Amino acid sequence: MENRLLPQNPEAEKVVLGSIMGNHNVLSSIEMLLDDESFYYPLHKRIWQAIQTIDRRGDCPDMIAVMAELNKQPDPLDAFQFSQIGTSYSSNVYQHATHISELGKRRRFIQIMEVFLAQGYAKSRDLQELVAEVESQLKHLYIESQEHVHTLDEAMNNVLRQMEKNMTGEGELSGTATGFSELDEKSGGLQTSDLVVIAGDTSQGKTSFAVTLARNAAMKGASIAYYSLEMKKEQIAARIMSMQSGIAAHKILYAPLKPNQFEEVALGVTKLVGTKIYFDDRSTSSLDTILSSIRSMQKKYRIRGAVVDYLQILNVNMREASKEAQMAEAARRLKNLAKELDIWILALSQLNRDHSHQTPTLARLRDSGQIGEAADIVILIHRPEMYKKRYEGDKFEKVDPKGTALIHIAKGRNIGTHEFICGFDSETTRFYDLTGCELPFADLEEEIPF
């Protein structure tokens with residue numbers, strides 16, 4: 001047989017590797033296309049394997065990290081060749097990744113056929129057995145892509161199994177428990193791939209509600225990443241300790257506690273030990289940095305969800321764009337990341353002020369209606385106690401607003417809309433579940449006691 005060069009494209013391989021090392025967001029968009037055999041040249045394959053090793057650790061595979069990983073190996077590294085690869089870049093990296101993936105599959109096809117061609121000439125194997133093995137190996141040539149493709153029948157069978165569990169009372173929440181019975185009953189918990197936006201006016205408790213959800217989820221065993229752009233991790237931790245112990249967070253942080261108060265906090269802490277809420281000190285207000293950190297957290301700690309507090313102070317790195325366009329981009333990228341990593345993301349949002357009508361609405365999402373469009377669920381928080389008013393409408397007009405809050409699911413892509421009353425302890429900033437019989441009712445003829 002004529003000795004021909006196997007299909008290959010060294011420049012495309014360099015561009016793919018260089019683009020990954022130059023931009024940490026590239027890898028997630030192309031890694032499902034590639035494997036070791038996608039790279040023909042030994043040095044390129046070594047670099048790809050080093051990138052994979054670093055990424056599995058949850059670190060960023062930039063040039064410095066990759067070089068350090070390669071220098072751990074016994075084979076010497078050609079620094080000049082590596083620098084040439086590291087400085088290669090293309091904005092069409094997906095196209096080049098697809099190309100080298102296809103070339104890798106062609107090489108494997110040729111190698112498979114060469115082996116069986118030789119065996120065909122040798123006449124040493126049964127022909128039917130040989131044909132069956134050829135079919136088997138060719139069938140598995142594209143097994144990587146087939147693993148992620150499912151039929152409607154498979155999806156419906158999964159739904160039917162969940163329905164059967166629900167009918168027999170054996171069904172569990174399909175998502176992460178929130179600690180609020182009406183929310184969990186309506187939504188099945190926080191669902192992976194969902195972007196959930198929590199919005200409310202200033203001082204209505206957006207952060208407290210998000211911290212409450214994160215605490216409740218973590219105490220049920222879920223791993224959570226928390227990104228606060230305004231508060232230090234110690235302040236978030238103090239709020240969680242306050243919710244658990246009943247001692248106000250500002251006292252825990254800034255005041256000498258009485259012996260019995262210290263004991264209450266210590267007892268609360270023992271119940272919190274081992275809960276998996278993670279903070280990244282390297283995270284800033286940069287959207288790119290937070291997205292990269294969430295990816296890292298998912299790889300390192302298998303997080304179930306992430307909280308970003310809050311959208312309007314994110315730096316989206318779109319200098320010429322309007323604030324509306326920036327917020328739309330931030331919401332879109334958070335939603336895409338939730339779907340890509342199969343986690344849920346809670347993003348907090350401010351509302352535009354409306355002094356004539358304090359009840360929050362979906363239309364008041366600050367800076368961009370596209371935040372609501374990107375979100376799967378939008379939860380609005382309203383505490384009329386702050387305005388010394390009652391709840392509006394017939395449903396909750398008799399509920400005493402003191403120490404309560406309205407949780408309004410204003411948008412639910414798969415669950416519809418809903419609203420319910422929960423409790424709120426201003427001392428510990430804790431939201432808590434209330435059943436119908438526990439709702440505090442007030443006499444409409446009397447003044448509300450504030």
Side-chain angles (χ1 to χ4, degrees), residues 178-187 190 195-213 216 309-312 327 346-373 375-450:
T178 67
F180 295 90
S181 55
E182 289 201 44
L183 181 56
D184 286 341
E185 183 179 346
K186 186 72 175 176
S187 65
L190 297 171
L195 172 63
V196 180
V197 172
I198 299 173
D201 284 324
T202 302
S203 300
Q204 292 291 296
K206 298 184 295 293
T207 295
S208 297
F209 190 64
V211 172
T212 299
L213 292 179
N216 293 348
D309 181 7
Y310 60 93
L311 285 171
Q312 279 73 24
M327 290 302 94
L346 293 182
L348 277 61
S349 175
Q350 292 181 330
L351 294 177
N352 290 315
R353 295 183 186 276
D354 186 347
H355 296 291
S356 62
H357 190 70
Q358 280 88 13
T359 302
T361 63
L362 198 58
R364 288 176 54 203
L365 283 172
R366 182 173 291 184
D367 295 320
S368 180
Q370 293 185 53
I371 292 174
E373 291 179 15
D376 296 280
I377 295 175
V378 178
I379 296 175
L380 303 177
I381 301 174
H382 181 44
R383 291 170 51 220
E385 177 185 7
M386 295 291 296
Y387 309 109
K388 299 186 177 180
K389 293 188 176 182
R390 297 187 186 276
Y391 290 106
E392 297 178 357
D394 297 335
K395 187 175 182 181
F396 300 119
E397 65 175 352
K398 293 183 180 181
V399 175
D400 189 344
K402 187 175 178 64
T404 63
L406 174 68
I407 305 301
H408 179 200
I409 303 173
K411 175 189 175 181
R413 182 162 283 147
N414 298 308
I415 63 175
T417 60
H418 186 63
E419 56 185 8
F420 62 92
I421 299 292
C422 69
F424 178 72
D425 181 3
S426 59
E427 180 75 3
T428 61
T429 69
R430 178 176 71 95
F431 288 82
Y432 57 93
D433 200 17
L434 288 176
T435 63
C437 61
E438 294 175 326
L439 288 178
F441 291 97
D443 188 338
L444 295 179
E445 301 299 324
E446 297 180 358
E447 290 289 326
I448 300 173
F450 288 102

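For the single chain, residues carry numbers from 1 onward in sequence order. Here the structure is a predicted model, which is why all the values come from computation and not from measurement.
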Are any non-hydrogen side-chain atoms of Gln370 and Met327 less than 4.5 angstrom apart?
no
Main-chain N/O of Ser203 paired with Arg383 side-chain donor or acceptor, under 3.5 Å:
yes
Residues forming a ring pair (Phe, Tyr, Trp, His ring centres under 6.0 Å) with Phe180, sequence neighbours excluded
Phe209
Where do Asp433 and Ser181 land on the side-chain hydrogen bond (donor to acceptor under 3.5 Å, both in side chains) test, with the steps shown first?
CA-CA 7 Å; Asp433 200 17; Ser181 55; 2.9 Å; yes
Set of ring pair (Phe, Tyr, Trp, His ring centres under 6.0 Å) partners for Phe424, sequence neighbours left out
Phe431
Set out, in order, the CA-CA distance, both residues' side-chain angles and the distance that settles side-chain hydrogen bond (donor to acceptor under 3.5 Å, both in side chains) for Asp425 and Thr428, then state yes or no.
CA-CA 6 Å; Asp425 181 3; Thr428 61; 3.1 Å; yes
What's the separation between atom OG in Ser349 and atom CD1 in Ile379, rounded to the nearest 0.5 Å?
13.0 Å
Minimum heavy-atom distance between Thr404 and Asp400, given as atom pair plus value:
OG1-O, 3.1 Å
Heavy-atom side-chain proximity of Thr178 to Asp184 below 4.5 angstrom
yes
What are the two closest heavy atoms between Asn216 and Gly179, and how far apart are they?
ND2-CA, 3.8 Å
Looking only at atom types and distance, does a side-chain atom of Lys186 sit under 3.5 Å from a main-chain N or O of His418, one as donor and one as acceptor?
no
Can you name the closest pair of heavy atoms from Glu397 and Arg390 and give their distance?
O-CD, 4.2 Å
Which heavy-atom pair separates Thr417 from Ala410 by the least distance, and what is that distance?
CG2-O, 3.4 Å
Tyr310 side chain near Gln350 side chain, heavy-atom distance below 4.5 Å:
yes
Stepwise side-chain contact (heavy atoms from CB on, under 4.5 Å) check, Asn352 with Leu365
CA-CA 6 Å; Asn352 290 315; Leu365 283 172; over 6 Å; no
If I take atom OG from residue Ser187 and atom CD1 from residue Ile415, how far apart are they, to the nearest 0.5 angstrom?
5.0 Å
Within residues 405-415 or reaching into it, pairs that qualify as side chain to side chain donor-acceptor pair (under 3.5 Å) - sequence neighbours excluded:
Asp376-Arg413
Value rounded to 0.5 Å, distance of OG in Ser426 from CD in Glu385
6.5 Å
Nearest 0.5 angstrom please: Leu346 CG to Leu190 CG, how far?
5.5 Å
Flag side-chain contact, heavy atom, 4.5 Å: Ile377 against Val197:
no
So, for His382 and Tyr391, which heavy atoms are closest and what is the spacing to 0.1 Å?
O-CE2, 4.2 Å
Contact between Ile381 and Leu406 at the side-chain level, heavy atoms closer than 4.5 Å - yes or no?
no
What residues, two or more places apart in sequence or in another chain, satisfy salt bridge (charged side-chain N to carboxylate O under 4.0 Å, His left out) together with Glu427?
Lys251
Nearest-0.5 Å distance that lies between atom CG in Leu195 and atom CD1 in Ile371
9.5 Å
Verdict with reasoning, Leu213 to Ile198, per side-chain contact (heavy atoms from CB on, under 4.5 Å)
CA-CA 11 Å; Leu213 292 179; Ile198 299 173; 3.9 Å; yes
With rounding to the nearest 0.5 Å, note down the distance linking CD1 in Ile407 to CD1 in Ile421.
8.5 Å
List in chain and number order the residues that pass salt bridge (charged side-chain N to carboxylate O under 4.0 Å, His left out) with Asp201, two or more places apart in sequence or in another chain; answer none if no residue qualifies.
Arg364
Thr207: partners by side chain to side chain contact (heavy atoms under 4.5 Å, CB included), with sequence neighbours left out:
Val211, Tyr226, Met231, Arg239, Asp309, Leu348
